[in-house]
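Shown next, in structure tokens, is the structure this report addresses.
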Amino acid sequence: MSAQATGIHHTSYAAELALRHTPAEKLRLALLIALLLGLPWCLNGYWLGIVNGIVLSAIGAVGLNLLVGFTGQISLGHGGFLAVGAFTSALLTTRAGWPLPASAGAATLLSAALGAFVGLPALRLEGVYLAIATLASQQIIEFVICRWSWLTGGQGFLDVPRLALFGERASRGSFERGWYWLLLSVAVPAVLAARNLFRSALGRSLMAVRDHDVAAASIGIDVGRAKLTAFALSSGYAGLVGALTAAYAEVVSWERFTLDTSIQYLGMIIVGGLGSVAGSIYGAVFIGLLPPLLAELAALAPGSGARLSAQLPALQLGAFGLAIVLFLLCEPRGIDQLWRRAKDYFGFWPFRY
Amino acid sequence: MTVDRTRIPSDSSPQRLACAALLLLAACTRQREQEPPAQAPEIVIGVLADLTGPTSDVGRLYHEGMLACIDDLNARGGIQHRRLRALSDDYGYKVPVAEEKYKKYVQSAAVAVQGWGTGDSEALRRKVAGDELPFMSASYAEVLTDPQQSPYNFVVAATYSDQIRIALDQIAAADPGAQVAVFHHDSPFGNAPIADGKQWIASRGYQLGYQDYAMRSGATDFVASLQRAQAQGAKYLIVQNVASPAATLARDIAAQKLDMKVVCLNWCSDELFIQLAGAAAEGAWMVQPFAPPSVPKPGHAPVRQYLAAKGLDLDAQGVHFVQGWYTMQVMASGLEQALAGGELTGKSLRSALEHMAPVDTGGVIGSVRFSPQSHRGASSAGVYVVQNGKLVERNAPAAPRS
Amino acid sequence: MSQLLLLGVYGLANGAVLALAALGFVLIYKASRVVNFAQGELLLLGAYVFYTARVALHLPLLIALLLSAAAALALGALIERLVLRRLLGEAPIALVMVTIGLSALFRALVQLGFGTAPRELPKLLPAGSVALGAGLHLPLDRLLAIGLCALVLGAFSALFRWSRHGVALRAMADDQRAALAQGIAVSRVYALAWGLGALSALIGGVLLSDITELSPNLAGFGVLVFPVVILGGLDSIPGTVAGGLIVGLVSQLAEGLCPGASQVLCHLLLVLLLLLRPHGLFGEPRIERV
């Protein structure tokens, strides 16, 4: 049982629908906003670049959690939809001259449509079989983007020119900072949209499908439609992230969108917490910070530092695997649950529960 | 009595925690900005390496050669009395990691970057042009030699296309009407020279048959493709791949007792291929732009000397060590030139590389020269043949016939 | 014709190894209903454990084999004890993810211990080839690999048919409650299933590293296990063997037609099967939704 705030009395519907009720929650939100606004001035370009990567993966993780955590459909194909979004957006930008908002929008829609198509087998499969089917779809998409030479004009990779917003190209110094604001301005609405989705009827129907689809069908929810919607929304988020990644990295190649990418996203939502939008973000931050922090540790470690640095990729991979296993063994509901328990501890104090 | 939760004090613990965290974050980041500025007399070069990824068997040797060259230069007093500092990172052939490390180099005010493979060279091509950082690597793709397309990339040795042209020249000279099968890695690295090879046959008027076959990575055998090559009547197999799959291919040919000669391009023309293929490697032709240690040239002397001082043997290290050493050596000549001319920036380094006198590599690559119109340093490669498990010179280094 | 035979031999060799790997997968699934995404990594670990025993510790062949087999059994039991037991009853996604996490961990351990360069292993199977007329040379090592796999599969089948532990495994897979009622210890059966799964992966890994090479790429075989088990049926052992051989043959023939596409063809086949006949060739058609 979680600590419920008492003494809060709403006097209007608007107040009841608000996302934050207690002063403590509002304070935490204010601190978060302050942190987000202040980050570009605290961090140098390298770390800001890492933060940008985390913001991108957070949006993607929210999308995947929508499908896996909220609707209960296991999907190993997230990397493939990222690829679809990236290539679509890059091709529209370079070959058709579309501006980024238009090409990103088109990429999102195309990914969503493809996601719904790939989700059709989901109507007949569930659990492990669905996981295997999405694994197959990931491998097929990977093969197509690797081999279809029309995509990259035979070069094997696609160059995207540096983003020019309102006619200005970002210079070396302001590149990361500019992208930070751009990514934040996309991430915040995306996260809020996901959060609000699960306060709406559609969101509740998705959760009903996860919990017990036969019962959901018996109260009138179209289970097939709900599953397809979940697939479409999740792939749409992935397409958006892919499009932004293409513009940010300025090059699109198939190596970024392999099975390892899908597994990384799954790791993020497992570690962060299935079925929780905030959990997706915690997971993205955790998995995103793990490699650079390990690199810093290896650099700082005296003496054996050189040997550790040589093995760094293996250590990072091992840490990733270990994190997933440990979280699943000790706290299967992820960082989100850990945070809830921490809040409850202070909330209930001095009582135990 | 109800607990009134509208009051803040009972929630002060999370609040205090948050403030503490914010202060800690601010403190940590302030430390970072106190790093020594790059104007101190050190030349910073970013070095990307694959020490643990799919190409690590050769990547490690190349990287060690490069670091050895830097160490040797520093031991001789550095370049114009300034020490070289290499920021070396292992990116495991993962392009996103390479990009992250690249940002670190930009942050640390590097003046140049040494890359490794085709993946990172092509991913960073636009970025180095935008950030004005000269970039050399062990990717010999033709597109990197064109200043119009890759203004800040420099290729020190013969490109894959030049190598296939030289191979085709040799095959045409030995057997004018032969059928040639090109087995290549299934990737942009593998595809790079295919079209250029076909074009060369047409432009030189050779009567050679030409067919390409992709080698799937992770394949345990290539019998199916070899059967098709046999149906084509191929007598010469040009292999554009790394040593391990090439060795598997050679072993399959030997097991099937096929009458086909393996012609390796530079990434399988090394000691590792001979070691892995064993007896199947005998008689194979090797196109290698860098002279291997088993064919001594004057340029090998300083490398041998450096290794001998550490009690190591150049023959044990192999041709890729020499490759890394001399790639860095060419960059060092450019740095020397840039510093002599004034301030050292990425832009001045590029200009220095383009206008400097030909670099004499003591016969290892031939003489390396760039120009504002071409960032192709050299176009010659030697053709070697495997005899008794060693590389023996068959044809002296020469450029494709013009 | 002779060309087809040659391709067939190579394909069957790969298929036999796949069947061994998939056998372990199916064993684990039948007993504990866990889909082991780390099967490829168990193959990898097995090959490297054998390498350590043989090359690093310089043990004679038989001792090295026995020691590696014991290590595999112990590893399987350990995974079951430490990791899976605590997650029984959790959502399928948790079980899937924990095996994925283990696979990343195993790959990292192998990389930390042995690096990524291919290692030299003294050949177990003789090199050379059997010459059948018309210039056809069948590789001896692959023929022997097929034979050895058949032997091992036969041994496993005998184990399941006639030994007490095998019967207990089959009973547990059939109906857990009835098996419990008969006094079969669940935990022991799970540990046995995982141990045997790791053992078959070890044998497959050793054979594979012998006919190809010992390097971390061995783990890539794990992805092909899925088409095999879906084709054969997730809960059928003869089906797995048939599935492995068929997938091995089909991918080799496809490689001849379109190099590089053999893997993706297997995955397309997988998707089709899942849509049309999810229980595979030999699996039990279940009435409940799949």
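Labels below follow one simple rule: chain letters A, B, ... track the order of the sequence lines, proteins then strands, and each chain is numbered from 1.
- Note that the CD atom of C:E255 and the CZ atom of B:R216 stand 5.0 Å from one another [nearest 0.5 Å].
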N/O donor to acceptor pairs below 3.5 angstrom from side-chain atoms of residues 49-56 of chain C, sequence neighbours left out:
from	atom 1	to	atom 2	distance (Å)
C:Y51	OH	C:R119	NH1	3.3
C:T52	OG1	C:Y48	O	2.7

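- We find the CD-CG distance between B:Q227 and C:L4 to be 7.5 Å, quoted to the nearest 0.5 Å.
- Between the CG atom of B:D252 and the OH atom of C:Y10 there is a distance of 4.5 Å, given to the nearest 0.5 Å.
- When heavy atoms are compared at a cutoff of 4.5 Å, B:T52 approaches chain C by way of both its backbone and its side chain.
- Looking at B:D221 and C:T212, their side chains never come closer than 4.5 Å, going by heavy atoms from C-beta outward.
- Within a 6.0 Å sphere centred on NZ of B:K261, other residues, nucleotides and ligands contribute more than 12 heavy atoms.
- B:R251 touches chain C through its side chain: at least one heavy atom from C-beta onward sits under 4.5 Å away, while N, CA, C and O do not.
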Would you please test B:S244 and C:E213 for side-chain hydrogen bond (donor to acceptor under 3.5 Å, both in side chains) and show each step?
-> CA-CA 9 Å; B:S244 194; C:E213 65 178 8; 2.9 Å; yes

